2 protein chains.
Amino acid sequence: MKPGSDTSPGTANSGKRTTIYDIAHSVGTSPSAVSAVLNGTWRKRRISQKLADRISAVALEQGYSVNLQASVLRRDRSNIIGMVIPKYDNRYFGAIAEQFEQGARQRGYFPVITCTQRDPELEFEAARMLLSYQVECLVVTGATDPDRISDLCHAAGVKVVNLDLPGTKAPSVISDNFQGALDLTRLLLDDRGNVAGRSESLYFVGGRTSDHNTSERIRGFLHAHTERGLTVPQSHILACGYAAQKAHASLAALEHLPDGIFVNSTISLEGVVIWLSELPPERRQQIQYCCFDWDPFAALMPNCIGMAQQDVPALLEHVFSLIKTDLSSAEIKHVACNLRGRQPSQHAGYAS
Amino acid sequence: MKPGSDTSPGTANSGKRTTIYDIAHSVGTSPSAVSAVLNGTWRKRRISQKLADRISAVALEQGYSVNLQASVLRRDRSNIIGMVIPKYDNRYFGAIAEQFEQGARQRGYFPVITCTQRDPELEFEAARMLLSYQVECLVVTGATDPDRISDLCHAAGVKVVNLDLPGTKAPSVISDNFQGALDLTRLLLDDRGNVAGRSESLYFVGGRTSDHNTSERIRGFLHAHTERGLTVPQSHILACGYAAQKAHASLAALEHLPDGIFVNSTISLEGVVIWLSELPPERRQQIQYCCFDWDPFAALMPNCIGMAQQDVPALLEHVFSLIKTDLSSAEIKHVACNLRGRQPSQHAGYAS
DNA sequence: CAATACTGCTACATCGATTGAGCTTTGATG
DNA sequence: CATCAAAGCTCAATCGATGTAGCAGTATTG
């Protein structure tokens with residue numbers, strides 16, 4: 001008997017958590033036996049059913065739960081899988097976090113997610129912290145500088161997968177931003193085609209040109225214009241960052257109103273929608289938009305003609321299979337988006 | 001030198017993570033000194049600046065990071081603060097998770113959040129798991145059976161606070177659901193008052209009568225009717241659970257259309273909005289609704305006349321102050337909601 | 001009845017970091 | 001030159017769980 005050798009007077013459970021030593025003491029057996037019984041390896045360690053039952057009973061009665069810090073320290077595996085994510089409070093990242101947890105738990109991992117507000121320094125610190133907690137694997141989502149984190153993980157011998165934004169030093173799983181943006185832009189151009197006298201280029205709002213997703217979406221956006229013989233002036237690309245306020249400000253600064261807007265994310269869309277709501281109704285009704293990402297309410301707003309929903313289950317499926325197979329090839333896996341156009345009934349009603 | 005006594009040939013960093021023993025070996029000093037230097041206690045342990053510098057340099061070079069499992073095991077404090085939350089993917093819980101993390105980090109804690117899909121068994125298991133990771137404190141959010149978890153925590157000597165749904169065995173911080181629902185219902189009744197020939201009771205959609213929040217909101221809903229001399233028939237309370245599909249189904253089953261709906265959460269609202277979108281436009285325009293909880297897009301939908309936004313920063317402020325002061329009195333702290341009515345410009349435009 | 005096999009358990013080293021209790025060495029003081 | 005203090009370290013126990021090695025007993029076999 002090593003720790004807590006003080007033979008406490010009444011119930012063993014006063015103040016401190018019960019350990020296998022306490023239980024061993026109560027039952028009158030050894031800590032090894034208690035450990036074996038409580039972690040399920042007791043059959044192959046030839047502990048009798050009788051002793052096992054007594055130990056289980058006492059453990060239950062004393063409300064024992066393993067100290068995983070000690071357990072993980074001793075074993076080689078921690079079973080912890082970490083995720084770094086920029087935000088929780090929008091549908092896309094919320095769904096990623098939620099489904100990641102589910103998937104991890106199903107596969108026997110304990111998921112720990114850290115939210116970093118798109119702050120590069122915090123991203124890096126969070127990754128360090130997760131490594132200190134001995135994660136076996138790290139999923140880095142929407143990081144501004146994934147490669148720096150990949151280096152950290154490689155040094156520690158920890159698997160990394162990038163999700164949503166690609167890196168060059170670890171395998172990445174991302175949406176097919178080009179194709180999604182292309183489809184979405186076509187949808188918007190088609191819709192506008194129904195209205196006579198409009199041939200100007202659409203506007204692109206939100207995101208940063210420095211980030212891979214934004215630049216790919218812009219490429220899709222431009223391509224859809226090109227294939228119809230339209231040119232997009234620089235002034236129509238408002239990659240003002242993701243924040244709602246910035247999108248709002250960019251639109252408010254325009255000299256004349258656009259008739260169609262490609263919104264780069266639901267975060268930016270919040271600004272767009274507020275801006276729209278401030279316009280006089282008759283002007284507002286002329287302005288259609290589409291948005292990359294999906295939100296159930298945004299999808300039913302009057303001026304929304306379509307959204308590109310990223311396929312979160314498929315993205316995560318790929319992440320987990322990469323983790324299992326341990327491909328460290330830094331390849332990029334593209335996953336198609338689901339194009340969600342407006343339902344006919346909505347089109348007829350809501351928008352009119 | 002205890003662990004890893006094998007003098008590796010080339011770089012120390014081959015396969016395994018570097019430990020203080022590796023660094024001690026490289027520098028030619030003791031693990032104690034390395035530990036002291038790397039955790040900042042070296043000044044009071046009288047380690048020279050010179051040695052400290054050498055150790056730091058080697059640690060950086062070898063990409064060392066503490067093994068927190070070992071560190072936490074040894075110290076009495078883990079600095080981990082846990083949260084159990086039902087979902088991430090709606091604005092309310094997303095905001096809670098995100099701001100909880102921020103607040104925790106600011107206060108020097110390491111936050112670990114677990115999402116339990118409103119499954120009572122998973123809630124309990126998740127709490128057990130967090131206890132196993134030696135959390136110092138647990139915030140239980142929206143749990144179906146918070147008292148069971150409180151018992152568990154008390155047995156382990158861990159502080160608990162209930163958030164969003166109250167319990168009887170630990171202090172709770174919740175929104176003032178009665179007042180919020182009362183205000184919201186008044187808003188909706190006022191709005192309807194402008195339209196001639198409507199005097200029927202509103203409908204209440206979503207949630208479970210067994211849960212505290214729902215029953216308080218129903219109480220507020222009923223009170224607002226009573227104070228205007230209106231009676232609400234049982235058939236107008238559709239507490240069908242939170243899921244969007246259930247709300248949709250309940251409304252679809254109605255014999256004639258309601259003219260005003262009180263929606264119990266944005267999750268239920270998703271179903272309501274889809275149901276609305278399926279109605280012919282002329283019927284749809286007659287139906288106004290309000291919703292407890294807030295969502296930036298939902299707030300701007302044509303038929304939405306107001307939302308009650310729970311004050312997440314204030315809720316969390318109370319949670320953290322409870323944790324600090326350690327009041328184990330099982331009191332319930334009520335926090336007022338922000339009533340967000342529709343802006344005039346929206347009213348005029350979007351809804352018409 | 002000795003040799004062997006098997007059952008049922010315990011002892012002890014170990015994981016990596018922390019920390020109270022020393023143990024040298026240097027410097028200052030009487 | 002002894003004496004004492006302080007500076008600058010190292011030793012070794014410890015946190016709780018795990019698992020290998022091994023020790024008693026009992027049952028089986030020749």
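For clarity, every value in this text was computed on a predicted model and none was experimentally measured.
Atom NZ of B/Lys50 and atom C1' of D/dA7 are 14 Å apart (whole Å). D/dA17 atom C1' lies 10 Å from atom CG of A/Leu68, rounded to whole Å. Following rounding to the nearest Å, A/Tyr21 (OH) and D/dT14 (C1') show an atom-to-atom distance of 10 Å. Across the protein-nucleic acid pair, A/Gln134 atom CD and C/dA17 atom C1' stand 11 Å apart, rounded to whole Å. Computed from coordinates, the A/His25 NE2 to D/dG16 P distance equals 15 Å when rounded to whole Å. When rounded to the nearest whole Å, the span between CG of B/Leu73 and C1' of C/dT14 equals 12 Å. Counting to the nearest Å, the P atom of C/dT19 and the NZ atom of B/Lys44 are 7 Å from each other. B/Asn67 places its CG atom 8 Å from the C1' atom of C/dA17, with the value rounded to the nearest Å.
Note on A/Glu121 versus A/Arg148: salt bridge recorded, some NZ/NE/NH1/NH2 to OD/OE distance being below 4.0 Å.
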Expected rows: protein N/O vs nucleotides 5-10 of chain C N/O, under 3.5 Å:
| residue | atom | partner | partner atom | Å |
| --- | --- | --- | --- | --- |
| C/dG8 | N7 | A/Arg46 | NE | 3.0 |
| C/dG8 | N7 | A/Arg46 | NH2 | 3.1 |
| C/dG8 | O6 | A/Arg46 | NH2 | 2.8 |
| C/dC9 | OP1 | A/Ser48 | OG | 3.3 |
| C/dC9 | OP2 | A/Ser48 | N | 2.4 |
| C/dC9 | OP2 | A/Ser48 | OG | 2.6 |
| C/dT10 | OP1 | A/Thr29 | OG1 | 3.2 |
| C/dT10 | OP1 | A/Ser30 | N | 3.4 |
| C/dT10 | OP2 | A/Thr29 | OG1 | 2.8 |
| C/dT10 | OP2 | A/Ser30 | N | 3.2 |
| C/dT10 | OP2 | A/Ser30 | OG | 2.7 |
| C/dT10 | O4 | A/Arg45 | NH2 | 3.4 |

B/Arg17 and B/Gln62: CA distance, side-chain angles, deciding distance, side chain to side chain donor-acceptor pair (under 3.5 Å) verdict: CA-CA 9 Å; B/Arg17 324 260 286 233; B/Gln62 304 204 3; over 6 Å; no
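Two residues are said to be in side-chain contact when any heavy atoms from C-beta on lie closer than 4.5 Å; A/Ile80 and B/Gln69 meet this criterion.
For A/Tyr133 and B/Tyr133, the ring centers sit 6.0 Å or farther from each other.
At a threshold of 4.0 angstrom between heavy atoms, the contacts of B/Asn39 are confined to the sugar-phosphate backbone, with no base atom among them. Using a 4.0 Å heavy-atom criterion, one finds that B/Ser71 contacts the sugar-phosphate atoms exclusively.
Among the candidates B/Leu122, B/Thr141, B/Leu130, B/Val160, the single residue satisfying the side-chain contact (heavy atoms from CB on, under 4.5 Å) test with B/Val84 is B/Leu130.
Looking at every heavy atom in both residues, A/Phe93 comes nearest to A/Pro86 through CZ-CG, 3.6 Å.
At a cut-off of 3.5 Å, with distance as the only test, no side-chain donor of B/Tyr242 or B/Asn90 sits close to an acceptor on the other residue.
Taking 4.0 angstrom as the limit, A/Tyr64 places a side-chain polar atom (N or O) nearer than this to OP1 or OP2 of D/dA17.
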